[in-house]
Number of protein chains: 2
Amino acid sequence: MKRPTIADIARRAGVSKGAVSYALNGQPGVSEATRKRILAIAQEIGFNANSAARALSGARARAVGLTLCRPARILGIEPWFMGLISGFEAELGAQSYALTLQVVASPEQEVEVYRRWWGERRIDGVIVTDLRENDIRIPVLHQLQLPAVVIGGSGEPGAVTQIWSDDGGAVTEAVRYLVALGHTRIARVSGVPDLLHTQVRTKAFNEVCASLGLGDAVTVPADYTGEEGSRATRRLLIGGGRPTAIIYDNDVMAVAGLAVAQEMGLSVPGDLSIVAWDDSPLCSLVHPPLTALSRDVSGYGAQAARELLNAIDGKKVGNVKAQTAHLTPRGSTAPPRA
Amino acid sequence: MKRPTIADIARRAGVSKGAVSYALNGQPGVSEATRKRILAIAQEIGFNANSAARALSGARARAVGLTLCRPARILGIEPWFMGLISGFEAELGAQSYALTLQVVASPEQEVEVYRRWWGERRIDGVIVTDLRENDIRIPVLHQLQLPAVVIGGSGEPGAVTQIWSDDGGAVTEAVRYLVALGHTRIARVSGVPDLLHTQVRTKAFNEVCASLGLGDAVTVPADYTGEEGSRATRRLLIGGGRPTAIIYDNDVMAVAGLAVAQEMGLSVPGDLSIVAWDDSPLCSLVHPPLTALSRDVSGYGAQAARELLNAIDGKKVGNVKAQTAHLTPRGSTAPPRA
DNA sequence: CACCCTCACTTAACCGGTCAAGTACACTAT
DNA sequence: ATAGTGTACTTGACCGGTTAAGTGAGGGTG
């Protein structure tokens, strides 16, 4: 089956290729009557502009890239990314932009992928997640002049547009809530310590614990996987001065922590309260359902996509603050047993 | 920063554009010495062929498409898709093919996306999941001559390459195992009944139950989400003749089922044994860890990608049988209490 | 009535690859 | 010496859009 081209439309409409192009792109240069006729023909023969030809003649590729840099075993289970992706799609699909995905093993590989995509002119911009301190990707994106939106930065103004949320505020809310319930020994199982948003959360956790006089704030670093979540939880529950509440940096580790507590014969929330970060269906799936710091992940993704499309259109670099995660109390938190 | 083109390489090497093209693509027409020189220059200046130009001149777009047609809320949590995707990537990345993703709401929309992609010449082939009976996507793919690989067909020979696994055999193994443990009242919570592989599993379940004299085999249809999994489980556990074992069509529903049992004060595996389909980290995360029908989902994806690349290269249409899921016993199955 | 302006187009170059056809030269066979 | 063959290139058309520059008709103005 032959793909219709603008030449086909031009022939049927009795005009030139150029006129068809103007008509289809809403540019001035054709009369309203001709435009309507051309659009009708395009519709009728099911015309779609060849994206290669369009990209080649200097216009947009109408695609954006996303690299996922987490090991496959965690990618599979963490709802976060899929939530983000469906958010992107909602926005990109509406503008008929495509999303190109690449799974990578390291930030170095990520940089290579950016360079390749740029060289291939395959994408118009990228979405960057998991920002680190002195992230090696940022200077490369800058050098390549590749429009980008960073998700999960610290909120400090930088070279590229950021979508960030006040994670510090959310941690503070969670700790205050647990203290109000009567907890005094609160621990935390964090995500990868190199990531900027992990650092923001850790700092806020330390500060609020200090300000409420909770003694030293214990944060055990992990990596978002269930295994590490279990390991960290065991370490916390075995040691002396066992905490009565644990805040986890994602839902997967929180679920793993719940399982460890049950396996050790501790009751949740009687002996241990659990708060998860990121409220996916996973949290309401388990028993007891987990109290979580909820945010609209796919809305977050949609906002990121919108900002990226703006950046591609050459609009200003900005810092967009997304909704702060809010506490959704469920069955996994309660006052500690005397 | 200007992107290097083959013209730049040609100039530096003192040859024509054509020669560079032959050299880079491993085609005959240049001497070994010249080829080496050209490749060295390409390497040095960081050349990547403009994918648009390449696609435009009749060659491949070097991209394949995947549409995800499940509601966002389930997409987020089901590890299956992410596992598949990382499998695709392993294979596609090696050939520097890109993966283009689109989330859609219905098979009708999916067909539209295929048509658009085809018209835009954006992709060289597609991966089709969740095959239905008389699937409307198949004739369209055929009409468009779009290379495709179907994942999760029934194994019956058809118009397009299929990757399938013997789900019937796996169900049979699970039921036999439960019967060996002493169970006689075994129920099943299935995925969406329209999907072909659901039908295959249901048929096999009915057959093995009949052949083992287990009375009528109860299958409650659900949709892979946790909510539906909970609902179906409650229905099974409330009714008379409560089953002592339930087989779930995915891990998410199995976890939800576990939570329902716990919430109803039933012990797992004492009062109820649970078998999950698809062994993701989720299964070993909960307490007790779930007995599962495991298969290498990302290997499955890799195989699909390989077959798709073959189909794009015009190689034969084939039916590839992937590894059958095998039972991984864990803590959620045991003999029923007297 | 000449002049200018606007509108609605047409024309053709261009993007950066691919590839069929053409060319120049060396080497071999008769 | 001449034709024939193969190698190593060059040349230029082509893919299907976009867009700057050009054109001709019609209307308004002094």
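Predicted model, so just to flag it, every value in this text is computed and none were measured. Per chain, numbering begins at 1; letters A, B, ... match sequence-line order.
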> Does a side-chain N-to-carboxylate-O contact under 4.0 Å join B:Glu112 and B:Arg115?
Replying inline: no

>> Ignoring hydrogens, what is the shortest heavy-atom contact between B:Leu56 and A:Ala53? Give both atom names and the distance.
In response: CD1-CB, 3.7 Å

> Given the rule in the side-chain contact (heavy atoms from CB on, under 4.5 Å) test, do B:Trp117 and B:Thr67 qualify, once you have shown the distances and angles that lead to the verdict?
Replying inline: CA-CA 11 Å; B:Trp117 276 345; B:Thr67 51; 3.8 Å; yes

>> Quick check on D:dT19: is either OP1 or OP2 less than 4.0 Å from any side-chain nitrogen or oxygen of A:Gln27?
In response: yes

>> Reading DNA chain C in the 5' to 3' direction, which nucleotide is the first one with an atom under 4.0 Å from a heavy atom of chain A, and which is the last?
In response: C:dA8 to C:dG16

>> Apply side chain to side chain donor-acceptor pair (under 3.5 Å) to residues B:Glu307 and B:Thr161 and explain how you reach the verdict.
In response: CA-CA 7 Å; B:Glu307 285 308 314; B:Thr161 303; 5.2 Å; no

Just the atom pairs and distances: protein N or O near nucleotides 14-16 of chain D's N or O, under 3.5 Å.
from	atom 1	to	atom 2	distance (Å)
D:dC15	O2	B:Leu56	O	3.4
D:dC15	O2	B:Ser57	N	3.4
D:dG16	N2	A:Ala53	O	3.3

> Of the non-hydrogen atoms in B:Arg121 and B:Ala61, which two are nearest, and what is the gap between them?
Replying inline: O-CB, 3.6 Å

>> Measuring from atom CD of B:Gln143 to atom OH of B:Tyr114, what distance do you get when rounded to the nearest 0.5 angstrom?
In response: 14.0 Å

> Heavy-atom distance under 4.5 Å between the side chains of B:Asn310 and B:Val149, does that happen here?
Replying inline: no

>> Show every salt bridge (charged side-chain N to carboxylate O under 4.0 Å, His left out) that has at least one partner inside residues 127-136 of chain A, sequence neighbours left out.
In response: A:Arg70-A:Asp130, A:Arg132-A:Asp194, A:Asp135-A:Arg137

Atom pairs under 3.5 Å, N or O on each side, protein against nucleotides 6-9 of chain D: can you list them with distances?
from	atom 1	to	atom 2	distance (Å)
D:dC9	OP2	B:Ser31	N	2.9
D:dC9	OP2	B:Ser31	OG	2.6
D:dC9	OP2	B:Thr34	OG1	2.7

>> side chain to side chain donor-acceptor pair (under 3.5 Å) for A:Arg295 and A:Ser165? Distances and angles first, verdict last.
In response: CA-CA 9 Å; A:Arg295 47 182 174 169; A:Ser165 58; 3.3 Å; yes

> Which residue pairs satisfy the side-chain hydrogen bond (donor to acceptor under 3.5 Å, both in side chains) criterion with at least one member in residues 44-55 of chain A, sequence neighbours excluded?
Replying inline: A:Arg12-A:Glu44

>> Let me test you: for the helix from C:dC1-D:dG30 to C:dT30-D:dA1, what is the angle between the axes at its two ends (five pairs each), rounded to 10 degrees?
In response: 60°

> So, A:Arg60 and A:Asp313, do they make that salt bridge, N to O below 4.0 Å?
Replying inline: yes

>> Consider side chain to side chain contact (heavy atoms under 4.5 Å, CB included). Of B:Leu66, B:Thr100, B:Leu141, which one does B:Val126 pass it with?
In response: B:Leu141

